[in-house]
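In what follows, chains carry the letters A, B, and so on, assigned in the order in which the sequence lines appear, proteins first and then strands, with residues in each chain numbered from 1.
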Amino acid sequence: MEVRTRFAPSPTGFMHLGGVRTALYAYLYAKQNHGKFILRIEDTDQERYVEGATEVIYDTLRRCGMNWDEGPDIGGPCGPYIQSERKATYMPYAEQLVKSGHAYYCFCSKEEIDQRRAKVEAAGGTWKYDKHCLHLSPEEIEEKKAAGIPWTIRMNAPTEGETSYHDMVFGDMTFQNAEAMDDMVLIKQDGMPTYNFANVIDDHLMGITHVMRGMEYLSSTPRYNYLYNALGWEIPAYIHLPTVMRDATHKLSKRDGDAYYSDFMDKGYLTEALINYLALVGWNPGDDREFFTMDELVEAFDVKRLSKSPGIFDVNKLTWFNAEYIRRLPKEKYLELARPWFDQVLSEDSTDYARLAELMQERTEVFNQVPGMIRFLAELPEYDAELFTHKKMKTNPAVACEALQLVTPVLEGIDEAQWTEPVLHDRLMACIQEAGRKNGAVLWPLRIAISGQASTPGGAIEIAYLLGKEETLRRIALGLEKARAAC
RNA sequence: GGCCCCGUGGUCAAGAGGCCUAAGACAUCGCCCUUUCACGGCGGUAACUCGGGUUCGAAUCCCGACGGGGUCACCA
């Protein structure tokens with residue numbers, strides 16, 4: 001039988017990383033079994049409708065390389081793939097369940113239920129819908145409906161016995177019906193199905209063979225199975241996934257500002273790196289491989305190697321992956337991606353972007369660090385003369401003074417048109433040798449003077465080249481003053 | 001609180017009774033390379049939650065405790 005998995009997000013406007021990972025595993029499982037990956041939008045909660053939210057889902061999935069075989073935009077044999085457009089398909093099944101005694105009309109208002117609930121809880125009990133409307137006669141039901149009293153349809157949950165099912169990750173699960181089941185609402189007052197109901201109906205109608213979802217559904221699965229059985233449908237295989245956590249005690253959540261796919265894209269993470277990392281939170285290939293393309297993941301993925309315990313999302317490791325992916329980028333691609341970040345503080349008219357990109361590529365972990373790393377090129381930062389002191393280079397302000405004086409005429413003597421790294425290198429090295437100095441003793445102060453900071457992308461020569469003759473000389477003069485004042 | 005799940009270093013994790021004086025990766029620390037930083041190379045610190053069993057032998061099996069998470073909506 002063909003494997004069919006689905007990703008069924010609700011359109012909230014953002015793609016949660018936990019959701020991205022769930023989608024990823026569902027995609028991988030389908031593809032490695034040469035099956036179909038289906039996208040379904042679960043928007044039965046009309047109050048939560050968000051403009052443009054489905055586009056966010058499409059866009060994210062596409063950029064991640066998870067192309068769906070059936071979905072709202074491309075259609076398919078089981079459409080429509082948006083639940084709000086399927087409204088009419090759910091009611092008949094609900095009515096069928098009413099007829100067979102597995103469900104019933106309920107006319108209780110929210111307020112009435114709240115009251116009864118409060119009473120039970122005040123008495124120290126645990127509330128569960130009390131089947132108040134279960135035994136309404138057909139006449140009573142018609143009367144109430146005719147009177148315009150809003151109604152819902154509730155599942156008539158069994159109060160005894162137990163339900164068992166098998167999960168491909170967690171193994172065999174057994175629940176006492178009295179504990180795990182309740183008369184959950186199937187059809188809401190607005191006529192829309194609840195998630196619980198629509199999910200079951202659609203998964204069946206769309207031929208989903210393997211249901212992948214977060215482990216928070218582990219304990220509600222008996223209720224879904226009850227529905228499948230009541231409808232006479234085959235229960236799908238279940239693959240519940242461990243939670244992605246922020247730390248040991250908190251889930252990744254929007255409050256951290258680090259839970260959404262877009263958060264990471266905005267910061268300058270690469271989708272490939274994110275996917276690669278995410279795949280490894282909760283799953284591992286069983287060997288030491290860490291780098292995977294999507295195709296390699298499809299090949300290597302194995303449900304049996306899915307973890308049961310929650311995984312903490314480690315930004316450190318993600319960042320390392322990102323840096324690795326950035327280093328492996330072709331030069332041109334790097335420049336293309338870095339350009340907007342360069343533009344934040346520099347202009348291509350005055351800076352050799354291509355060269356800057358070469359220098360920056362191996363130092364970039366996340367693109368949002370780039371502006372801060374190159375800002376000194378646009379403007380010499382305030383710095384302390386103490387920066388001229390470096391024990392290993394054996395420099396201090398006094399040494400810097402001499403070094404800068406030594407170097408000034410040499411640089412002044414270089415023609416504007418000759419201001420290239422090779423020329424800079426040769427002239428500088430020649431004069432250093434002639435003066436009998438150590439490279440570091442001259443180049444360290446030079447770099448400090450022209451950059452104003454201890455750490456820069458590239459050494460004195462590269463920085464001088466990037467800055468150009470005029471600016472380099474200007475900064476050296478400034479540095480000289482500063483060094484002098486400090487001796 | 002009831003029910004369910006989980007428990008190897010700071011993090012991801014290998015480990016499915018002896019191969020474990022417990023792998024690898026990230027992070028961290030030190031050294032080397034180097035005109036800084038980074039990259040790279042080398043090395044170090046660091047873990048089987050605890051307590052009982054079972055067994056000749058347990059990180060691996062069982063029980064309990066403890067810890068953490070999940071779930072108990074007309075939200076998904």
Problem set entry | nucleotides 35-49 of chain B: protein proximity per nucleotide (B base, S sugar-phosphate only, - neither; heavy atom, under 4.0 Å) | BBBBSS---------
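Among the protein residues, A/Ser10 comes within range of the sugar-phosphate backbone only, with heavy atoms under 4.0 Å from sugar or phosphate atoms but none that close to a base. Within 4.0 Å of A/Arg213, counting heavy atoms only, lies no atom of the nucleic acid at all. Heavy atoms of A/Thr44 sit under 4.0 angstrom from primed sugar atoms or phosphate atoms, though from no base atom.
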Which side-chain N or O atoms in residues 373-389 of chain A pair as donor and acceptor under 3.5 Å with protein atoms at least two apart or in another chain?
residue, atom, partner, partner atom, Å
A/Asp384, OD1, A/Glu386, N, 2.8
A/Glu386, OE1, A/Thr389, OG1, 3.3

Enumerate, atom names and distances included, each donor-acceptor pair closer than 3.5 Å involving a side-chain atom of residues 283-291 of chain A, sequence neighbours excluded.
residue, atom, partner, partner atom, Å
A/Trp283, NE1, A/Asp302, O, 3.4
A/Asn284, OD1, A/Gly286, N, 2.7
A/Asn284, OD1, A/Arg305, NH2, 3.2
A/Asp287, OD1, A/Arg289, N, 2.9
A/Asp287, OD1, A/Arg289, NE, 3.3
A/Asp287, OD2, A/Arg289, NE, 3.2
A/Asp287, OD2, A/Arg289, NH2, 3.3
A/Glu290, OE2, A/Lys317, NZ, 2.8

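There is no side-chain donor-acceptor pair under 3.5 Å between A/His16 and A/Tyr261. Looking only at atom types and distance, the side chain of A/Asp202 has no donor-acceptor partner in the side chain of A/Tyr81 under 3.5 Å away. Counting only N and O atoms by type, the side chains of A/Tyr224 and A/Asn196 include a donor and acceptor under 3.5 Å apart. No side-chain N or O of A/Thr163 forms a donor-acceptor pair with one of A/Asn225 less than 3.5 Å apart.
Nucleotide B/C72 forms a pair with B/G1, judged by Watson-Crick or G-U wobble geometry with both contacts under 3.5 Å. Summarising the base pairing, B/G67 is matched to B/C6 through a Watson-Crick or G-U wobble pair whose two defining distances lie under 3.5 Å. In this structure B/G57 sits in no base pair that meets the Watson-Crick or G-U test at under 3.5 Å. With a 3.5 Å ceiling on both atom-pair distances, the Watson-Crick or G-U wobble partner of B/U28 is B/G44.
Closest contact between the side chain of A/Arg117 and the listed nucleotides B/A73, B/U71, B/A76 involves B/A73. In the set B/U71, B/U11, B/C74, the nucleotide with an atom closest to the side chain of A/Ser219 is B/U71.
Remark: the A/Tyr217 side chain and the B/A76 base include a donor-acceptor N/O pair separated by less than 3.5 Å. Contact of A/Lys317 with B/A25 (side chain to base): a donor-acceptor pair of N or O atoms is detected under 3.5 Å.
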N/O contacts under 3.5 Å, protein versus nucleotides 58-68 of chain B?
residue, atom, partner, partner atom, Å
B/G68, O2', A/Ala248, O, 2.9

List every contact pair, protein side and nucleotides 14-17 of chain B side both N or O, where the distance is under 3.5 Å.
residue, atom, partner, partner atom, Å
B/A14, OP1, A/Asn284, ND2, 2.5

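Ring-centre distance between A/Phe175 and A/Tyr226: not below the 6.0 Å cut-off.
For the pair A/Ser307 and B/C12, the criterion of a side-chain N or O lying under 4.0 Å from OP1 or OP2 is not met.
If you measure from atom CZ of A/Arg21 to atom P of B/C12, you get 12 Å, rounded to the nearest angstrom.
Listed by residue number, the members of residues 173-206 of chain A with any heavy atom below 4.0 angstrom from RNA chain B are A/Met173, A/Phe175, A/Glu179, A/Val185, A/Lys188, A/Gln189, A/Tyr195, A/Asn196.
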